[in-house]
Each structure stands twice: as C-alpha cells, then as structure tokens.
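Here's the structure, in structure tokens; my notes come after.
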Amino acid sequence: MGIDYDETFSPVVKPATICVVLSIVVSKNWTIHQLDVKNAFLHGHLSEIVYMHQPPGFRDRNHPDHVCLLKKSLYGLKQAPRAWYQRFASFLSTIGFVNSKTDHSLFIYTHGDDTTYILLYVDDIILTTSSHSLRDTIIAALRSEFSMTDLGPLNYFLGVSTTRHSGGLFLHQSKYAEDIISRAKMVNCKPALTPMDTKSKLSATSGEKFDDPTLYRSLAGALQYLTFTRPDISYVVQQICLYMHDPRTSHFAAVKRIIRYIQGTKEFGLHLSPSTVTNLSAYSDADWGDCPDTRRSTSGYCVYLGDNLVSWSAKRQTTLSRSSAEAEYRGVANVVTESCWLRNLLLELHCPISKATVVYCDNVSAIYLSGNPVNHQRTKHIEMDIHFVREKVALGQVHVLHVPTRYQYADIFTKGLPKPLFDDFRSSLSIHPPPTSTEGVY
C-alpha cells in the first residue's frame with residue numbers, strides 16, 4: 001500500500017532535452033534510430049520483498065492460500081517503471097555510458113571521435129550516433145542484454161511524428177490534433193486565424209459554471225500535450241489550464257477558439273534546421289498584473305540554440321509584482337535559470353557554449369536592474385534568488401540587451417496578439433506547414 005517501498009516513478013526525458021539533442025543531430029547530420037524493448041517492465045529487479053496472490057488458473061491446489069514471492073517486477077506493480085529504469089541505467093554504465101546530471105534520462109557515450117546519445121522515456125528509446133558502425137555496435141550490445149527491436153530511423157515518438165528531409169527535421173502532431181478536434185465534436189468547425197483574441201483576460205468568475213467539467217479537463221490536458229510541437233498555443237493553453245478546477249462557459253469558449261485555430265493549422269509543426277550549436281540566445285517578456293483575479297503577472301520566454309527553438313514557457317508568476325520592471329526582472333530570472341540548465345546540458349553533450357547567453361528584454365528598467373548591484377528602495381523587497389541574474393551578468397555568462405517590442409518574440413507567450421504580429425512571431429518560432437518534399441535523407 002505504499003508503505004514498504006520508496007520511489008515508484010520512472011524518470012522521463014525532458015522535452016527541452018529532446019529538442020537540444022535533435023538540433024545537434026540535425027546540425028551534425030548524424031543518424032537517429034528508435035528502439036523498442038519487448039516487455040520492458042519485466043526486466044526490472046526488485047530491491048524490496050514483494051508478495052502477490054497466486055494468479056487465477058495457476059493456484060496450487062494443496063496450498064491455495066499461499067502467496068508468491070516475486071524475484072522480478074511485473075506489469076501492474078507500482079515499482080516496475082522505476083525498477084526498469086534502474087536496470088537499464090545500470091547496464092548502460094557497464095558498456096561505457098555516463099548518466100547525465102542535468103537530465104537523468106539522457107545517457108552519453110564518448111570514445112575518441114565516437115559519440116552516442118540515448119534518450120529514455122519509460123520504455124521508448126531514441127538512439128543517435130556519430131557513425132553507422134557505432135550504432136550497430138551499441139544496438140548489438142543492447143540486444144545481448146534485452147529483447148529489443150530496431151524500429152529504424154526515427155519516425156514516431158511519444159505521439160510526435162518526425163520527418164527527416166534535406167532541410168532538417170520536421171516535428172508535428174497533426175494526427176493528435178485531429179483526435180482533439182474529433183473529441184470536441186468540432187470536425188466541421190470554421191477555422192480561426194489566431195488562438196485567442198486581444199480583448200480582456202479570462203477570469204475565474206466570468207460566466208456560468210460549465211456543465212461538463214470532465215470534457216473541459218480532458219481537452220485542456222490534451223491541448224497541453226500538443227504544445228510539445230506547437231509553442232504558438234502555449235500561452236492560451238496555460239490560461240485555460242488555470243481554471244480546470246472550476247471551468248466556466250467563458251473558459252470553454254476559449255477552448256473552442258483554440259480548437260478552431262488548430263483546425264486551420266493542424267498540419268503545422270516545429271522545424272529544426274542545420275545550425276550552429278555554439279550560440280545560445282533567449283527572449284523574455286512579462287505582462288504585468290494581467291490576471292484580473294490575483295493581479296499576478298505572466299512570464300514567457302523562448303530559448304534558441306543557434307537558429308533552432310529548443311525551450312519555451314508561458315507561466316503565471318508565483319508572487320505579486322509591484323511594478324512592470326519587477327515583473328520583467330522576474331521573467332529575465334526565469335529564462336536565465338533555463339539558459340544555465342541548457343548550458344550545463346550542452347557541456348555534458350560535449351557541445352560547450354563558450355560565448356555568453358544573450359537575453360533580449362524590451363523593458364529598460366529590468367535591464368538596468370540586471371546590471372546594477374545597488375539595492376534601492378524599489379527593489380529591496382525582491383527575493384535574493386532573483387538577484388542571481390546580476391551574478392551571471394557580472395561573470396560574463398549572460399548579457400541582457402534591449403530589443404524593440406516589435407521584435408520581442410516572447411510576446412506570443414504572454415498575451416493575445418493581432419493576426420499580422422502573431423503570424424510574424426509564429427514564423428520566428430519556426431512553426432510552419434510541412435516541407436513540400438518529405439523524402440527521407442539519412
């Protein structure tokens with residue numbers, strides 16, 4: 001009942017890690033394969049004593065009340081995912097892989113000029129190597145320990161379809177988007193040009209209670225997963241997820257607006273193209289006091305590795321900001337935190353970033369706060385952990401620069417935008433229709 005064992009969860013690879021690795025793969029023109037482990041959870045070893053009832057049809061007639069002592073994990077056992085991860089990680093360490101410190105579901109192998117990355121999401125595995133011979137060697141080693149199938153070049157992973165073409169890699173969830181539209185019974189709906197309007201924000205008390213909260217939560221959760229390849233809807237999906245506990249009719253109208261937008265753009269996806277992997281840049285923005293209920297601000301950012309978008313976020317701030325400068329400064333702190341994590345990740349991937357991360361912000365006061373070590377009357381209440389931005393700037397690891405609002409791409413993560421500006425920023429996030437030619441190039 002959960003009192004005789006500790007950890008049950010299985011670490012899963014972060015979306016940003018996947019984007020970073022795929023960006024490196026595309027830039028270096030490496031091969032990338034998908035592997036499938038048969039009955040993965042049956043491979044795990046249990047560190048605790050676990051008993052189970054005798055399964056129906058296999059009961060001992062002489063001892064029907066006896067229980068079985070498990071030697072290995074089974075499907076349905078809460079410890080099974082964790083036991084499988086530990087077994088897999090332990091084996092990889094014996095053949096020379098190193099477990100990443102920044103993402104525990106990333107495994108790295110290097111020997112001379114040979115490099116291999118393995119990404120693990122429970123029992124789904126992505127393998128990328130710097131040469132075909134190394135790939136065959138790694139797969140042979142894995143097959144010697146586990147019952148495993150090579151599914152060939154990466155095509156479909158975690159509900160995301162991937163298409164390798166001459167211009168890079170195209171990630172999309174068009175089939176998943178169609179399922180969401182069908183679930184909402186809006187197959188014949190008229191497409192919307194943007195996912196939300198530019199009018200007033202959603203409120204917790206606007207409109208009557210929605211009569212089917214289960215449907216609302218189901219659609220909101222599905223849309224949240226769609227943001228894996230559709231950062232252009234991240235902000236509005238974040239907004240509707242705030243009201244899953246008590247959805248109103250106005251909230252569901254916002255959900256339908258998103259689905260209408262998806263109806264017209266369901267084939268769109270995220271493009272990753274060959275690019276330099278030595279530059280990290282970011283855009284940060286905040287909408288001060290935009291929540292009509294709590295007056296808290298919304299922060300948004302996007303981070304690029306070279307020309308490829310690898311990380312993004314739209315999130316309500318946890319504390320109230322007394323000024324727009326403070327809200328923007330907190331937003332800068334969020335993206336600097338993410339960029340520090342990405343720099344550590346790239347260092348482990350043997351693609352270190354030697355140049356400072358450039359963070360673009362459209363608020364001059366926030367830029368001044370990031371470089372000024374003097375605490376004055378307006379900032380003395382800000383928590384110390386936010387001021388670590390100044391330390392990174394002083395060390396030369398981060399440069400916070402001004403960007404005109406017209407070119408502040410992070411605006412798409414903090415507010416509704418008019419169609420011309422929305423389309424421009426969406427394109428800047430590398431969200432486009434599929435390439436005209438989808439012939440694989442491996």
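In this text the structure is predicted, and so the values were computed from the model without any measurement. Starting from 1, each residue takes its place in the sequence as its number.
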Have [X] and [Y] got a donor and an acceptor in their side chains that come within less than 3.5 Å?
{"X": "His251", "Y": "Arg248", "value": "no"}
{"X": "Arg257", "Y": "Thr194", "value": "yes"}
{"X": "Asp232", "Y": "Tyr261", "value": "yes"}
{"X": "Ser339", "Y": "Thr357", "value": "no"}
{"X": "Thr278", "Y": "Thr276", "value": "yes"}
{"X": "Asp362", "Y": "His402", "value": "no"}
{"X": "His172", "Y": "Ser174", "value": "yes"}

Using the ring of each side chain (for Trp, its six-membered ring), is [X] parallel, tilted or perpendicular to [Y], with breaks at 30° and 60°?
{"X": "Trp30", "Y": "Tyr117", "answer": "tilted"}
{"X": "Trp84", "Y": "Phe88", "answer": "tilted"}
{"X": "Phe252", "Y": "Tyr216", "answer": "tilted"}
{"X": "Phe97", "Y": "Tyr109", "answer": "tilted"}

A quick test of your reading: do over 12 heavy atoms of other residues, nucleotides or ligands sit less than 6.0 Å from [atom1] of [X]?
{"X": "His245", "atom1": "NE2", "result": "yes"}
{"X": "Asp307", "atom1": "CG", "result": "no"}
{"X": "Lys28", "atom1": "NZ", "result": "yes"}

With a 6.0 Å cut-off on the ring centroids, do Phe91 and Phe146 count as close?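 So the answer is yes for these two rings.
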Counting N and O atoms only, with roles assigned by atom type, does the side chain of [X] sit under 3.5 Å from a partner on the main chain of [Y], one being a donor and the other an acceptor?
{"X": "Thr116", "Y": "Thr129", "value": "no"}
{"X": "Ser311", "Y": "Ala16", "value": "no"}
{"X": "Ser100", "Y": "Asp103", "value": "yes"}
{"X": "Ser27", "Y": "Ser23", "value": "yes"}
{"X": "Gln34", "Y": "Asp150", "value": "no"}
{"X": "Thr162", "Y": "Leu154", "value": "yes"}

May I have the step-by-step check of side chain to side chain contact (heavy atoms under 4.5 Å, CB included) for Tyr121 and Ser105, ending in yes or no? CA-CA 7 Å; Tyr121 196 102; Ser105 293; over 6 Å; no
Test ring-ring contact (aromatic ring centres under 6.0 Å, His included) on Tyr225 and Tyr176 and set out the steps. CA-CA 9 Å; Tyr225 189 70; Tyr176 185 70; 5.6 Å; yes
Considering all heavy atoms, the nearest Pro191-Gln263 contact: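 Pro191 and Gln263 have their closest heavy atoms at CG-CG, 4.0 Å.
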Could you pull out all residues at least two apart from Ser324 that satisfy side-chain contact (heavy atoms from CB on, under 4.5 Å)?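 Ser324 satisfies side-chain contact (heavy atoms from CB on, under 4.5 Å) with Trp288, Asn363 only.
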Going by side-chain contact (heavy atoms from CB on, under 4.5 Å), name the residues that satisfy it together with Lys201, two or more places apart in sequence or in a different chain.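 Lys201: side-chain contact (heavy atoms from CB on, under 4.5 Å) contacts with Tyr235, Asp287, Asp290, Pro292, Lys415.
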Does anything in residues 166-184 form a salt bridge (charged side-chain N to carboxylate O under 4.0 Å, His left out)? List the pairs, not counting sequence neighbours.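 Output for this query lists Lys175-Asp179.
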Using 0.5 Å steps for rounding, measure from the CZ atom of Phe107 to the OG atom of Ser93.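 Spacing of CZ (Phe107) from OG (Ser93) equals 9.0 Å.
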Drop me the distance from Thr198's OG1 to Leu421's CG, to the nearest 0.5 angstrom.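 Atom-to-atom, Thr198:OG1 and Leu421:CG are 11.0 Å apart.
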State whether Glu348 and Arg343 are salt-bridged, where the test is any N-O pair (Lys NZ or Arg NE/NH1/NH2 against Asp/Glu carboxylate O) under 4.0 Å.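 Salt bridge between Glu348 and Arg343, a charged N being under 4.0 Å from a carboxylate O: no.
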